[in-house]
Amino acid sequence: MMNKLALDELLTAALNEDIGFGDATSEAIFAEDHFSRGVLIAKEALVLAGGDVFSRTFALLDGRVTVKFHVPEGTWIDAGTEFASLEGPTRALLTGERVALNLLQRMSGIATQTRQFVKAAGDNKAFIADTRKTTPGLRMLEKYAVKVGGGRNHRFGLDSMVMIKDNHIKAAGGILPAVRILRSRVSPYLKIEVEVESLAQLQEAIEARVDVIMLDNMSLDLIREAVLIVGGRILLEVSGNVTLDRVAKLADAGVDIISSGALTHSVKAADISMRLR
């Protein structure tokens with residue numbers, strides 16, 4: 001689910017950025033009543049994410065554009081597949097093409113990468129989560145794409161939950177003082193997560209009775225030891241240097257959550273083409 005009002009604002013800003021005072025090329029060549037049909041083609045295997053975003057982009061430009069996706073969100077699409085068709089005024093199709101494709105390609109790239117992480121985790125209890133390392137202005141779309149790919153969303157923003165990181169700990173004088181201050185000031189309905197870098201900090205977090213403990217940049221041996229120490233009493237998240245080739249080993253170690261900024265901050269956009277017929 002996405003906030004439709006926020007989506008329209010985002011798409012309007014993106015279209016304004018790209019169009020400026022008008023599409024100098026398309027408006028000169030085609031009359032307002034010139035219509036075309038086209039298709040979307042997967043140039044590589046991908047997981048589809050962002051179909052509604054693609055369609056809405058054109059709807060904001062011209063309500064006469066119709067877009068039909070032949071498969072639902074989250075579908076694995078093989079390379080070479082024509083997976084959507086569109087029809088409408090040629091001006092609108094060409095004017096909105098770049099913005100619509102940019103977003104569809106990025107969201108599908110994120111969903112595809114997330115699906116690979118989820119598959120690598122296998123049947124272990126650990127689930128894959130994103131982070132706040134998203135493109136400014138596109139967080140809603142990128143986190144939506146993670147969910148389409150089978151992952152889960154970590155906090156959406158700084159107001160979603162309490163998360164005590166290394167700099168908070170240093171400035172507050174330790175985990176216990178930071179948690180004590182927080183509990184006296186924040187809503188009891190906000191979960192508290194703390195980031196730890198050692199087994200000593202892990203013990204302090206356990207003593208503080210936090211809701212989630214993040215094991216930050218720990219070795220596999222330390223992660224396994226932390227799992228034994230916690231014994232299922234508190235949710236354990238592992239983060240830092242989480243790459244696709246490490247996911248299976250991290251999941252096997254027995255953690256509950258594997259979070260990775262790589263799902264969004266450096267993902268490759270899926271290769272999709274729009275072709276008029």
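These numbers were taken from a predicted model, which means no experiment stands behind them.
- Atom NZ of Lys4 and atom CG of Leu7 lie 9.5 Å apart (nearest 0.5 Å).
- One distance of note links CD1 of Ile128 with CD of Gln116; it measures 11.5 Å at 0.5 Å rounding.
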Which donor-acceptor pairs under 3.5 Å do side chains of residues 213-221 form with protein atoms, sequence neighbours excluded?
{"residue": "Ser219", "atom": "OG", "partner": "Leu222", "partner atom": "N", "Å": "3.3"}
{"residue": "Asp221", "atom": "OD1", "partner": "Arg224", "partner atom": "NH1", "Å": "3.2"}

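- Cluster membership for Val227 and Val247, using ILVMFWY side-chain heavy atoms within less than 4.5 angstrom, is shared.
- When atom types are taken as modelled, the side chain of Arg132 and the backbone of Arg155 share no donor-acceptor pair closer than 3.5 angstrom.
- The two atoms that bring Ala121 and Ala251 nearest to each other are O-CB, 3.7 Å, heavy atoms only.
- Not counting sequence neighbours, the partners of Val179 by the side-chain contact (heavy atoms from CB on, under 4.5 Å) test are Ile164, Ile175, Arg183, Ala208, Val210.
- No donor-acceptor pair closer than 3.5 Å links the side chain of Glu27 to the backbone N or O of Arg91.
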For a quick test of your reading: what N or O donor-acceptor pairs under 3.5 Å do the side chains of residues 232-243 make, sequence neighbours left out?
{"residue": "Arg233", "atom": "NE", "partner": "Val230", "partner atom": "O", "Å": "2.8"}
{"residue": "Arg233", "atom": "NH2", "partner": "Ile229", "partner atom": "O", "Å": "2.8"}
{"residue": "Glu237", "atom": "OE1", "partner": "His154", "partner atom": "NE2", "Å": "3.0"}
{"residue": "Glu237", "atom": "OE2", "partner": "His154", "partner atom": "NE2", "Å": "3.3"}
{"residue": "Glu237", "atom": "OE2", "partner": "Ser259", "partner atom": "OG", "Å": "2.6"}
{"residue": "Ser239", "atom": "OG", "partner": "Ser259", "partner atom": "OG", "Å": "3.1"}
{"residue": "Thr243", "atom": "OG1", "partner": "Asp245", "partner atom": "OD1", "Å": "2.4"}

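- Following chains of ILVMFWY side-chain contacts shorter than 4.5 Å, one can reach Val148 starting from Met107, so the two form part of one hydrophobic cluster.
- Proximity of a side-chain donor or acceptor of Thr264 to a complementary backbone N or O of Lys133 within less than 3.5 Å is detected.
- Residue pairs satisfying the salt bridge (charged side-chain N to carboxylate O under 4.0 Å, His left out) criterion with at least one member in residues 100-113, sequence neighbours excluded, are listed as follows: Arg106-Glu142.
- To the nearest 0.5 Å, atoms CD (Glu73) and OG (Ser108) are separated by 7.5 Å.
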Checklist entry - Can Thr95 and Leu15 be said to form a side chain to side chain contact (heavy atoms under 4.5 Å, CB included), step by step? => result CA-CA 9 Å; Thr95 300; Leu15 288 167; 5.9 Å; no
Item to check | Worked check of side chain to side chain contact (heavy atoms under 4.5 Å, CB included) between Glu225 and Leu202 | outcome: CA-CA 11 Å; Glu225 191 170 349; Leu202 175 70; over 6 Å; no
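- Considering CZ of Phe156 and OG1 of Thr134, their distance stands at 7.5 Å, rounded to 0.5 Å.
- Taking CG of Asp8 as the reference point, atom CE of Met2 lies at 10.5 Å (rounded to 0.5 Å).
- Within the structure, the salt bridge (charged side-chain N to carboxylate O under 4.0 Å, His left out) test picks out the following pairs touching residues 268-277 (sequence neighbours left out): Glu44-Lys268, Glu82-Arg277.
- The hydrophobic cluster containing Leu46, built from Ile/Leu/Val/Met/Phe/Trp/Tyr side-chain heavy atoms closer than 4.5 Å, also comprises Ile29, Phe30, Leu40, Leu48, Phe54, Phe58, Val65, Val67, Phe69, Val71, Ile77, Phe83, Leu86, Leu93, Leu94, Leu101, Leu104, Ile272, Met274, Leu276.
- Judged by distance alone, with hydrogens and angles left aside, the side-chain atoms of Asn124 form no donor-acceptor pair with the main-chain N or O of Ala126 at under 3.5 Å.
- Under the 3.5 Å distance criterion, the side-chain polar atoms of Ser85 are left unmatched by any main-chain donor or acceptor of Val39.
- Once rounded to the nearest 0.5 Å, the distance linking CG of Asp52 with CG of Leu141 reads 11.5 Å.
- Looking at every heavy atom in both residues, Asp166 comes nearest to Glu195 through N-OE2, 3.4 Å.
- In this structure, Ser160 contributes its side chain and Gly157 its backbone to a donor-acceptor pair below 3.5 Å.
- Between the side chain of Arg115 and the main chain of Gly149, a donor-acceptor pair closer than 3.5 Å is present.
- A single hydrophobic cluster is not seen to contain both Ile181 and Met163; linkage of ILVMFWY side chains at heavy-atom distances under 4.5 Å, directly or through other members, places them apart.
- Of all the heavy atoms in Gly137 and Leu10, the pair that sits closest is O-CD1, 3.1 Å.
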Item to check | Pair Leu103-Val99, side chain to side chain contact (heavy atoms under 4.5 Å, CB included): steps then yes or no | outcome: CA-CA 6 Å; Leu103 295 174; Val99 169; 4.2 Å; yes
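- In this structure, the side chain of Gln113 engages the main chain of Ala262 through a donor-acceptor pair within 3.5 Å.
- Contact between Val118 and Gly151 at its shortest, heavy atoms only, is CG2-N, 4.1 Å.
- Residues Val196 and Ala205 come closest through the heavy atom pair CG1-CB, 4.1 Å.
- The shortest distance between side-chain heavy atoms of Phe127 and Ile257 falls below 4.5 Å.
- Closest approach of Thr90 to Ser36, counting heavy atoms only: OG1-OG, 2.7 Å.
- Ile258 and Met161 are not part of a single hydrophobic cluster, where members link through side-chain heavy atoms under 4.5 Å apart.
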Next on the checklist: Between Val194 and Ile169, does the side chain to side chain contact (heavy atoms under 4.5 Å, CB included) criterion hold? Intermediate values first, please.
Outcome noted: CA-CA 9 Å; Val194 63; Ile169 295 168; 4.1 Å; yes
